[in-house]
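Everything quoted here is computed from the prediction, not taken from an experiment.
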Amino acid sequence: MIDAKLITELRAATGSGIVDCKKALEESGGVYAAAIEYLRKKGQKVAANKESRETKEGVVYAYTHSNGRVGALVELLCETDFVARNEDFKGLAHELALQIVAMNPLYVKPDDVPSEVVDKEIEIYKDQMGGTLSGKPQEMVDKIMAGKIAKFYEEVCLVKQKFIKEDSITIEELITRMIAKVGENIQIRRFSRFGL
């Protein structure tokens, strides 16, 4: 029998439903950390299933920092107006705006980065590494470059950035959690950051 207090704690930590939390704890033998991992994996599966569904509703959320010198606009999309009016959904839009103000990403996702920008980064990395790449097998060079580009995406792409309030997850994972919670596809369409 799973302790109700543990179910409540898991629900508060993950935002998942009571039934999902109970099942996660049962599947993980009552181990809290394993239950969280179970819910994360389930959320990723739910998000993957919802990915192709059309997003026609949503919110445009505006945030201005208390000093009035920096702000952000975020267009966050979902499938229905019911979810668009949901406080959790609006809360996600707020968190995204805070992230944009704090971390100043340039693009929403890696697919949005122009290929010439990526090519220029690769050229810069090769110049920086200079002779250290010579004599290394091409497979190793490709691996090094892939790692450098992944790091570049973490800096400039919103969904690849570590969440400022919980750096154990990315913005992409934060959105996946919300998709699992509300049961709809959620997409960041675009954003703008303004600063003096």
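Side-chain heavy atoms closer than 4.5 Å link hydrophobic residues (I, L, V, M, F, W, Y) into clusters, and following such links, possibly through other members, connects Val159 to Val74. In the hydrophobic clustering of ILVMFWY residues, with side-chain heavy atoms under 4.5 Å counting as a link, Leu92 and Phe163 come out together. The hydrophobic cluster containing Val156 also contains Ile122, counting ILVMFWY residues as joined when their side-chain heavy atoms lie under 4.5 angstrom apart, directly or transitively. Transitive grouping of hydrophobic side chains (ILVMFWY, heavy atoms separated by less than 4.5 Å) brings Val182 and Phe89 into a common cluster.
With salt bridges taken as basic N to acidic carboxylate O contacts below 4.0 Å, none links Glu26 and Lys23. Using a 4.0 Å cut-off between a side-chain N of Lys or Arg and a carboxylate O of Asp or Glu, Glu172 and Lys160 qualify as a salt bridge.
Nearest heavy-atom pair across Asp81 and Glu57 is N-CG, 3.4 Å. Of all heavy-atom pairs between Ala34 and Ser28, the closest is CB-CB, 3.5 Å. The nearest pair of heavy atoms linking Gly30 to Leu6 is O-CD2, 3.7 Å. Residue Glu75 comes nearest to Val60 through the heavy atom pair CG-CG2, 4.2 Å, listed as atom of the first residue, atom of the second, then distance. Pairing each heavy atom of Phe191 with each of Pro105, the nearest pair is CE1-O, 3.4 Å. The nearest pair of heavy atoms linking Ala102 to Ile164 is CB-CD1, 3.9 Å.
Residues Ile124 and Glu121 are in side-chain contact: their nearest non-hydrogen atoms beyond the backbone lie under 4.5 Å apart. Counting heavy atoms from C-beta outward, Tyr63 and Val101 have side chains that approach closer than 4.5 Å. The shortest distance between side-chain heavy atoms of Phe194 and Leu73 falls below 4.5 Å. In this structure, Ile188 and Ile175 have side chains that are in contact, with non-hydrogen atoms separated by less than 4.5 Å. Counting heavy atoms from C-beta outward, Met178 and Asp88 have side chains that approach closer than 4.5 Å.
Around CD of Glu139, the count of heavy atoms belonging to other residues, nucleotides or ligands within 6.0 Å does not exceed 12.
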Show which side-chain atoms of residues 107-115 pair as donor or acceptor with protein atoms under 3.5 Å away, not counting sequence neighbours.
from, atom 1, to, atom 2, distance (Å)
Lys109, NZ, Asp112, OD1, 3.4
Asp112, OD2, Lys109, N, 3.3

- Taking it one step at a time, do Asn86 and Lys90 satisfy side-chain contact (heavy atoms from CB on, under 4.5 Å)? CA-CA 6 Å; Asn86 180 299; Lys90 290 177 185 175; over 6 Å; no

- Should Lys162 and Ile169 be marked as a side-chain contact (heavy atoms from CB on, under 4.5 Å) after you check the CA-CA gap, both sets of side-chain angles, and the distance that decides it? CA-CA 6 Å; Lys162 298 284 185 194; Ile169 64 167; over 6 Å; no

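The CD1 atom of Ile171 sits 10.0 Å away from the CD atom of Glu166 when rounded to the nearest 0.5 Å.
Put simply, the residue from Lys165, Gln161, His94 that forms a side chain to side chain donor-acceptor pair (under 3.5 Å) with Gln99 is Gln161.
Using a distance-only test at 3.5 Å, with no hydrogens or angles considered, a donor-acceptor pair links the side chain of Arg193 to the main chain of Ile100. Glu184 places a side-chain N or O within 3.5 Å of a backbone atom of Thr80 that can act as its donor or acceptor partner. At distances below 3.5 Å, at least one donor-acceptor pair connects side-chain atoms of Glu173 with backbone N or O atoms of Thr170.
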